[in-house]
Amino acid sequence: MPAFSRLVRFLAKNGKTYYGDAILPEGVTDLAKTKKARVIKGDIFGQHEVTDQVADVRLLLAPLALDDVKTVRCLGLNYALHAKEAGLPLPKYPVLFFKPVTSLSGPTDPIPVHPIAQEELGLDYECELVVIIGKEARDVSEADALNYVLGYAIGNDVSHRDWQVARGGGQWSLGKGFDGWAPYGPGIVTGNVIKDPQTLKISTRLNGQTVQESNTADQIFNVRQTISFLSRGHTLLPGDLIWTGTPSGVGMGRNPKLWMKDGDIVEVELEGVGIVTNKVEFTKEDTAKL
C-alpha cells in the first residue's frame with residue numbers, strides 16, 4: 001500500500017513541482033480545496049516516503065506526470081441507464097477504447113477545441129470514475145483486483161459525437177482523443193480512504209446546472225470485474241489509467257441535444273475525491289511561421 005492517502009501533483013508557491021499527500025481541513029474531502037501538502041520523495045509506484053516538508057499549493061496539476069502514465073484505457077456503455085439512453089443493448093463484454101496520453105490535462109486546465117472540432121455541433125461531457133493502476137497486473141482475479149489499484153480520480157471524457165460516430169469510421173478514439181480532452185484529478189484518493197468504489201455519487205454540472213447525477217453502483221462492469229477482464233492476456237502497468245464509463249445524462253442522449261459551447265464551464269464531481277472544473281475554449285487555427 002502507498003504511504004500517502006490523497007496524492008496530488010502541484011506547482012508550489014516556491015515555483016517547484018511536487019508530488020504530495022494533501023492536507024485537508026477536517027470534514028473536507030474535495031481535493032480541489034488543497035492548499036498545503038506534505039512533499040513525497042521517491043517513486044510513487046515503488047519506494048517513497050511522505051516527508052515532514054509541507055509546501056504551499058499554488059496550482060493543482062494533472063495527478064500524474066505524463067512520464068508516469070503508460071496507457072489510457074476507457075470503457076464505453078458501462079452504465080445501464082446510459083446504454084438505455086443511447087438505445088443500445090447492454091454489452092456482453094466491456095467495450096474498450098483508448099485515448100492518447102496527450103488528451104490528459106489538469107483539474108483546472110481549459111478544454112481546447114480545435115477548429116476541426118468546431119465544424120459541426122456535438123461537443124459533449126462525460127463524468128467518469130478513473131482507476132489508476134499501482135502495480136503490474138496480469139490475469140488477476142476479481143477478488144484480488146483492488147489490490148492492484150493505486151487510487152481513484154474523477155475525469156471528464158470530453159467527446160465530439162460527430163467525429164466519434166459519423167466521421168469516426170467505426171472507431172471512437174478520433175472523436176475523444178483531441179489534446180486536452182481528458183481532464184482529471186483533482187488528485188488520486190487511495191483505497192485506504194475509498195474502501196468500495198461501487199458506492200460513490202458521480203455527477204456533472206454545465207454552467208451550474210446538474211446534467212448528470214448517478215452512482216457508481218449503476219456500472220454494468222464494476223471496478224473489480226473491469227480490472228480482472230482487462231488483465232486477461234494483457235499486462236496492466238503502474239501508471240495505467242482506466243476510465244470506467246459515464247452514467248446517463250450526456251448531451252447526446254437528450255432531446256433536444258445539449259452540446260457544450262465556447263466559454264462553457266463544466267464541472268465533474270466524485271464523492272470522496274472532489275471536483276474538476278474546466279472552461280471550454282474554442283481555439284483558432286495555428287498559423288505556421290517560416
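Worth saying up front: this structure is predicted, and the values here are computed from it rather than measured. Atoms considered below: every heavy atom in the structure, side chains included; atoms not considered: hydrogens, waters and symmetry mates.
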Arg73/Glu128 ion pair, N-O < 4.0 Å: no
message: Quick one: does any side-chain atom of His48 pair with a main-chain N or O of Ala3 as donor and acceptor, under 3.5 Å?
response: yes
query: What do the steps show when you test Leu206 against Asp264 for side chain to side chain contact (heavy atoms under 4.5 Å, CB included), and what is the final call?
result: CA-CA 7 Å; Leu206 184 61; Asp264 281 354; 4.0 Å; yes
- request: Tell me whether Leu96 is reachable from Phe229 by hopping between hydrophobic residues (I, L, V, M, F, W, Y) whose side-chain heavy atoms are closer than 4.5 Å.
  value: yes
message: Can you confirm whether Leu77 sits close enough to Pro94 that some side-chain heavy atom of one is under 4.5 Å from a side-chain heavy atom of the other?
response: no
field: Working for side chain to side chain contact (heavy atoms under 4.5 Å, CB included), residues Val250 and Glu126
entry: CA-CA 6 Å; Val250 297; Glu126 291 192 0; 4.0 Å; yes
query: Would one find more than 12 heavy atoms of other residues, nucleotides or ligands at under 6.0 Å from atom NZ of Lys35?
result: no
statement: Rounded to the nearest 0.5 Å, the CG atom of Asp157 sits from the SG atom of Cys127 at a distance of 10.5 Å
task: Report whether Leu123 and Val211 are members of the same hydrophobic cluster (ILVMFWY, side-chain heavy atoms less than 4.5 Å apart, transitive linking).
output: yes
- prompt: Under a 4.0 Å N-O cut-off, is there an ion pair linking Glu271 with Lys201?
  reply: no
- prompt: For residues 244-253, which residue pairs qualify under side-chain hydrogen bond (donor to acceptor under 3.5 Å, both in side chains), counting only residues two or more places apart or in two chains?
  reply: Gln212-Thr246, Gln219-Thr244
query: Can you find a heavy atom in the side chain of Leu258 that is under 4.5 Å from one in the side chain of Tyr125?
result: yes
- request: Give the intermediate values and the outcome of side chain to side chain contact (heavy atoms under 4.5 Å, CB included) for residues Val54 and Ile23.
  value: CA-CA 9 Å; Val54 175; Ile23 301 172; 4.0 Å; yes
field: Any side-chain heavy-atom pair of Glu281 and Pro112 under 4.5 Å
entry: no
- prompt: Going only through I, L, V, M, F, W and Y residues with side-chain contacts under 4.5 Å, is there a path from Leu31 to Val39?
  reply: yes
field: Sub-4.5 Å side-chain heavy-atom contact between Leu236 and Arg138
entry: no
message: So which atom in Gly187 and which in Val8 form the shortest heavy-atom distance, rounded to 0.1 Å?
response: CA-CG1, 4.2 Å
- prompt: Is the distance between the ring centroids of Tyr18 and Phe10 under 6.0 Å?
  reply: yes
- prompt: How about Asp52: does its CG atom have over 12 heavy atoms from other parts shown lying under 6.0 Å from it?
  reply: no
task: Please answer whether the main-chain N or O of Thr283 pairs with a side-chain N or O of Gln118 as donor and acceptor at a distance below 3.5 Å.
output: yes
message: Could you check whether atom NZ of Lys70 has more than 12 heavy atoms from other residues, nucleotides or ligands sitting under 6.0 Å from it?
response: yes
message: Keeping Ser103 on the side-chain end and Lys99 on the backbone end, is there a donor-acceptor pair under 3.5 Å?
response: no
- request: May I ask you to decide if Ser173's main-chain N or O and Trp163's side chain share a donor-acceptor pair within less than 3.5 Å?
  value: no
task: To the nearest 0.5 Å, tell me how far Arg254 CZ sits from Trp259 CH2.
output: 11.0 Å
message: I want to check something: taking the side chain as every heavy atom from C-beta on, are Gln198 and Val223 in contact at a cut-off of under 4.5 Å?
response: yes
query: To the nearest 0.5 Å, how far apart are NE2 in His160 and CG in Leu121?
result: 7.0 Å
- request: Kindly give the heavy-atom pair with the smallest separation between Thr216 and Pro197, and that separation in Å.
  value: OG1-O, 2.7 Å
- prompt: If you group Ile, Leu, Val, Met, Phe, Trp and Tyr whenever their side-chain heavy atoms sit less than 4.5 Å apart, what else falls in with Phe4?
  reply: Leu7, Tyr19, Ile40, Ile44, Phe45, Val50, Leu64, Leu66, Val69, Val72, Val101, Leu104, Val130, Ile132, Leu150, Tyr184, Ile188, Leu241, Trp243
message: When you compare the side chains of Lys41 and Thr51, does any donor N or O come within less than 3.5 Å of an acceptor on the partner?
response: no
- prompt: Could you state the interatomic distance from CG (Leu237) to OG1 (Thr235), rounded to the nearest 0.5 Å?
  reply: 6.5 Å
message: Could you tell me if the side chain of Thr210 sits less than 4.5 Å from the side chain of Thr204, heavy atoms only?
response: no
- line: Closest heavy-atom pair, Leu90 versus Ala80, reported as atoms and distance to 0.1 Å, is CD2-CA, 4.0 Å
- prompt: Applying the 4.5 Å side-chain criterion to the ILVMFWY set and letting contacts propagate, would Val149 and Phe221 be lumped into a single cluster?
  reply: no
query: Counting N and O atoms only, with roles assigned by atom type, does the side chain of Asp56 sit under 3.5 Å from a partner on the main chain of Lys36, one being a donor and the other an acceptor?
result: no
query: How long is the span from the CE atom in Met260 to the CG atom in Asp124, to the nearest 0.5 Å?
result: 6.5 Å
field: Ionic contact status for Asp21 with Arg38, cut-off 4.0 Å
entry: no
message: Counting C-beta onward and ignoring hydrogens, is there a side-chain heavy-atom pair between Ile227 and Val140 closer than 4.5 Å?
response: yes
query: Is Trp181 close to Val113 at the side-chain level, that is, under 4.5 Å between some pair of heavy atoms?
result: yes
message: For Val266 and Ile111: C-alpha separation, side-chain torsions, deciding distance, then whether side chain to side chain contact (heavy atoms under 4.5 Å, CB included) applies.
response: CA-CA 9 Å; Val266 58; Ile111 298 170; 3.7 Å; yes
- line: Between Ser5 and Val193, the two heavy atoms sitting closest are CB-CG2, 3.9 Å
query: Do you reckon Phe98 sits in the same ILVMFWY cluster as Ile133, going by side-chain contacts under 4.5 Å, direct or chained?
result: yes
message: If I take atom OG1 from residue Thr199 and atom CD1 from residue Ile194, how far apart are they, to the nearest 0.5 angstrom?
response: 8.5 Å
Parallel, tilted or perpendicular, as decided by the 30° and 60° cut-offs, for the rings of His114 and Phe178: parallel
- prompt: Looking only at heavy atoms, which two atoms of Ser214 and Pro247 are closest? And how far apart?
  reply: CB-CB, 3.4 Å
- request: Search all heavy atoms of Pro186 against all heavy atoms of Ile154 and return the closest pair with its distance.
  value: CD-CG2, 4.0 Å
message: Once side-chain contact (heavy atoms from CB on, under 4.5 Å) is applied, do any residues pair with Asn147, and if so which ones, sequence neighbours excluded?
response: Asp144
task: Evaluate salt bridge (charged side-chain N to carboxylate O under 4.0 Å, His left out) for Glu120 paired with Arg161, printing each intermediate quantity in order.
output: CA-CA 9 Å; Glu120 300 289 344; Arg161 304 307 185 185; over 6 Å; no
task: List the steps, then state whether salt bridge (charged side-chain N to carboxylate O under 4.0 Å, His left out) holds for Arg224 with Glu142.
output: CA-CA 5 Å; Arg224 289 180 182 274; Glu142 292 181 17; over 6 Å; no
